[in-house]
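Before any comments, here is the structure.
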Amino acid sequence: MITELLASLIILALGSAASYKDKRISFVLSIFAVLLVAVSGNAIYSALIAFVAVLNLLSLFVIRENQIAGSDYAMIGIMAVATLYAFVVDDLAVMLTLFVVVSVPTYLLAMVSDKGVNVDVGIKYVTFMVIATVLFLIGAVLLYSANSNSLIYSIAFLMLIVGLCMEVGVAPVHEWVPDVFSSADPIPVSIIASLAKFVPFIIAYKIIIATATPSIGMLMLIVGLIAAASMFTGNIGALTTNDPSRILAYSTVANMGYILATFVAITAGKEYVYFAIAGGILQLFVNSFGKIGYFASIKNGGTSPITAYMLTFSFIGLPPLMGFWSKLFIIYSLVYSSYIWLAVILVLNSAISVPYYVRLARLLGTGWKFSLANAVVLFASVAMLLTLIPPVWFVDVVSLMKGV
């Protein structure tokens with residue numbers, strides 16, 4: 001995979017340079033670079049990540065007159081390549097490098113638009129992300145060097161978790177999410193809410209598994225409480241607004257809570273760990289396809305009611321759509337890890353989310369008209385049908401992840 005990785009980075013650099021002549025060259029080469037790395041990785045995981053990245057690239061084509069047009073395609077390519085590579089590495093230095101590689105491009109993406117640079121949003125977003133990155137990196141390094149010192153281990157663990165929560169938007173450190181999601185251009189926000197979410201969780205899974213100690217039980221209880229708080233904060237916040245972008249912001253806060261809950265199963269048996277991580281990553285795919293589809297709908301001024309409800313039903317957890325299986329895997333791992341109370345809270349919050357997801361479908365499902373943005377929505381909604389065959393195969397994929 002190293003050869004394909006280096007080749008992809010060279011292709012992305014050439015594409016970015018060539019974008020001064022023609023932006024479409026960077027677009028085509030970015031897709032080629034992502035597919036080149038994807039074919040060398042695990043088939044299912046790589047194909048899904050590549051699909052998310054291609055949808056992000058197509059979405060950017062909707063705002064191809066933005067301030068960094070051409071280079072933005074290469075940024076998505078780099079983020080996708082890093083996300084694919086994160087699955088197969090377990091070296092701490094490489095993992096932390098990948099974390100930074102995925103996080104930094106979003107600093108620019110948060111500001112770009114086809115209407116003008118949004119500096120205010122960028123400053124707020126960058127401020128939170130810098131703090132999050134520093135906490136995550138220091139926490140990760142300290143965890144590996146804590147040895148038997150339980151105090152340092154606990155401090156490092158909490159720094160890592162707080163950094164992760166701030167990076168992905170988990171309550172109570174989610175303040176940037178509603179402001180950025182409702183103020184920035186919907187297309188860059190869809191990238192921040194989709195492709196950028198995978199690496200922080202994958203790296204955190206690997207670091208915590210590699211450094212777990214017998215005294216981690218109390219720390220996991222704290223993680224469970226944070227996850228529960230994020231579920232309630234996100235879902236209740238989404239219930240209280242009619243603005244689609246703010247609904248999606250609070251929906252993200254709730255979804256990140258669902259995924260954070262899977263960390264409490266990390267010290268359980270190997271089988272349950274695989275189900276927990278499989279559920280977490282599947283929920284990341286649900287969140288990605290949903291946010292790409294919804295935000296493309298907002299940019300487009302609406303979409304077909306069929307595709308809007310397809311995304312909604314998956315988020316609600318209607319079988320056999322992807323959102324049903326992700327929550328089932330998470331609940332299964334929580335129950336068999338003796339966190340039944342957290343599983344009950346997750347089910348309760350899924351029920352709370354039904355009214356605002358249906359309201360979102362009504363607001364955005366205003367009618368079909370042919371456009372690139374609507375094509376993106378269609379592809380994203382069709383992706384939710386990939387789990388018509390029960391995705392036990394995804395658990396097998398997770399078992400192949402290096403370091404897990």
Side-chain angles (χ1 to χ4, degrees), residues 161 164-166 168-175 177-178 181 193-194 197 201 220-266 272 275-291 294 309 311-362 384 387:
I161 291 297
L164 172 68
C165 292
M166 196 176 286
V168 298
V170 173
V173 286
H174 67 291
E175 185 188 344
V177 182
F181 277 37
S194 57
K197 300 293 187 195
F201 275 110
M220 287 303 180
L221 178 60
I222 295 173
V223 171
L225 292 172
I226 295 173
S230 193
M231 294 179 206
F232 281 115
T233 302
N235 285 318
I236 293 173
L239 280 174
T240 58
T241 178
N242 288 318
D243 177 57
S245 294
R246 293 188 75 83
I247 291 175
L248 291 172
Y250 283 111
S251 156
T252 296
V253 174
N255 278 293
M256 295 304 107
Y258 300 155
I259 300 165
L260 185 68
T262 62
F263 282 80
V264 303
I266 279 178
Y272 308 124
F275 268 97
I277 297 177
I281 295 180
L282 262 183
Q283 187 65 27
L284 282 170
F285 280 114
V286 173
N287 186 69
S288 295
F289 291 126
K291 297 299 157 59
Y294 281 136
Y309 274 99
L311 297 175
T312 288
F313 290 150
S314 184
F315 269 112
I316 289 173
L318 197 71
L321 300 176
M322 193 180 289
F324 166 76
W325 295 106
S326 60
K327 290 178 182 174
L328 182 66
F329 286 175
I330 295 173
I331 291 169
Y332 174 82
S333 64
L334 294 179
V335 169
Y336 284 95
S337 303
S338 301
Y339 277 88
I340 298 174
W341 62 271
L342 193 53
V344 171
I345 287 176
L346 195 154
V347 173
L348 177 62
N349 273 273
S350 292
I352 294 173
S353 71
V354 173
Y356 73 75
Y357 277 127
V358 172
R359 185 166 72 243
L360 191 61
R362 288 176 179 166
M384 297 298 190
T387 50

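Numbers here simply count residues along the sequence, with the first being 1. Note: hydrogens, waters and symmetry copies are ignored here, and every other heavy atom, side chains too, is used.
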Let me confirm one number: the [atom1]-[atom2] distance from [X] to [Y], rounded to the nearest 0.5 Å.
X: L248; Y: F315; atom1: CG; atom2: CZ; answer: 7.5 Å
X: Y294; Y: T312; atom1: OH; atom2: OG1; answer: 2.5 Å
X: I352; Y: F232; atom1: CD1; atom2: CZ; answer: 5.5 Å
X: I259; Y: I277; atom1: CD1; atom2: CD1; answer: 12.5 Å
X: I226; Y: L221; atom1: CD1; atom2: CG; answer: 10.0 Å
X: S288; Y: N255; atom1: OG; atom2: CG; answer: 10.0 Å

Of the non-hydrogen atoms in [X] and [Y], which two are nearest, and what is the gap between them?
X: A193; Y: N287; result: O-ND2, 2.9 Å
X: V286; Y: M384; result: O-CE, 3.4 Å
X: L282; Y: S326; result: CB-CB, 3.6 Å
X: Y258; Y: L346; result: CD2-CG, 3.9 Å
X: C165; Y: V173; result: CB-CG2, 3.6 Å
X: Q283; Y: G323; result: OE1-O, 4.4 Å

Problem - Parallel, tilted or perpendicular: rings of F201 and F263 (30°, 60°) - result: tilted
Practice task
Report the relative orientation of the aromatic rings in F289 and F285; use parallel for angles under 30°, tilted for 30 to 60°, perpendicular for over 60°.
Solution key: parallel
Handout entry: Residues S251 and Y357: side-chain donor-acceptor under 3.5 angstrom
Key = yes
Using side-chain heavy atoms (C-beta onward) and a distance below 4.5 Å, is [X] in contact with [Y]?
X: V223; Y: L260; answer: yes
X: T240; Y: Y250; answer: no
X: T241; Y: Y356; answer: no
X: M256; Y: V177; answer: no

Problem - Single hit among K197, K291, H174 for side-chain hydrogen bond (donor to acceptor under 3.5 Å, both in side chains) with T252 - result: K291
Is a side-chain donor or acceptor of [X] paired with a backbone partner of [Y] at a separation under 3.5 angstrom?
X: S230; Y: V253; value: yes
X: N349; Y: I345; value: yes
X: S314; Y: L311; value: no

Handout entry: Audit row: Y309, R362, side-chain contact (heavy atoms from CB on, under 4.5 Å) steps and yes/no
Key = CA-CA 8 Å; Y309 274 99; R362 288 176 179 166; 3.3 Å; yes
Problem - Y336 atom OH, neighbour heavy-atom count above 12 within 6.0 Å - result: no
